[in-house]
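Every value quoted in this text rests on a predicted model; they were computed, and no experiment measured them. Scope of the values below: all heavy atoms of this structure, side chains included, with no hydrogens, waters or symmetry mates. Numbers here simply count residues along the sequence, with the first being 1.
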Amino acid sequence: MAADNGAWSPEAARAILAFKLADADLQRADELAAKARSGSMTDEERQNLENYLRVGRLVEFMKAKALLSLKSQDAAA
């Protein structure tokens, strides 16, 4: 990432856009969300779900930044 404009290289941006969580992680997050909806979570499960949600938000933020980086590079070309 360049310090002056926050743009990532096209390769880095595309790598971030290709990132996805493992199927096992997605399944576990779904299981924990179902337990949350039913009100049957332990404190440890609640913390695990919050960790999945935190990672998901971070990944989405990074993907949005990657898209903006690619768009700004396309506009500059």
In chain order, what residues pass the salt bridge (Lys or Arg N to Asp or Glu O under 4.0 Å) check against Lys63, with sequence neighbours excluded? none

Could you go through residues 51-59 and list every donor-acceptor pair under 3.5 Å that involves a side-chain atom there, pairing it with any protein atom two or more places apart or in another chain?
{"from": "Asn51", "atom 1": "OD1", "to": "Gln47", "atom 2": "NE2", "distance (Å)": "3.2"}
{"from": "Asn51", "atom 1": "OD1", "to": "Arg54", "atom 2": "NH1", "distance (Å)": "2.8"}
{"from": "Asn51", "atom 1": "ND2", "to": "Gln47", "atom 2": "O", "distance (Å)": "3.4"}
{"from": "Tyr52", "atom 1": "OH", "to": "Asp25", "atom 2": "OD1", "distance (Å)": "3.4"}
{"from": "Arg57", "atom 1": "NH2", "to": "Glu50", "atom 2": "OE2", "distance (Å)": "3.0"}

Under 4.0 Å between a side-chain nitrogen and a carboxylate oxygen: does that hold for Glu11 and Arg14? no

Could you give the distance from CD (Glu45) to CG (Leu32), rounded to the nearest 0.5 Å? 6.0 Å

Assigning hydrophobic clusters by single linkage (Ile, Leu, Val, Met, Phe, Trp, Tyr; side-chain heavy-atom cutoff under 4.5 Å), is Phe61 placed with Leu67? no

Nearest heavy atoms of Leu49 and Ala29, plus distance in Å: CD1-O, 4.0 Å

Checking side-chain contact (heavy atoms from CB on, under 4.5 Å) for the pair Ser69/Gln73: CA distance, chi angles, key distance, verdict? CA-CA 6 Å; Ser69 184; Gln73 290 169 13; 3.3 Å; yes

Which residues satisfy the side chain to side chain contact (heavy atoms under 4.5 Å, CB included) test with Leu26, sequence neighbours excluded? Leu21, Asp23

How close do Ala66 and Leu17 get, heavy atom to heavy atom, and via which atoms? CB-CG, 4.0 Å

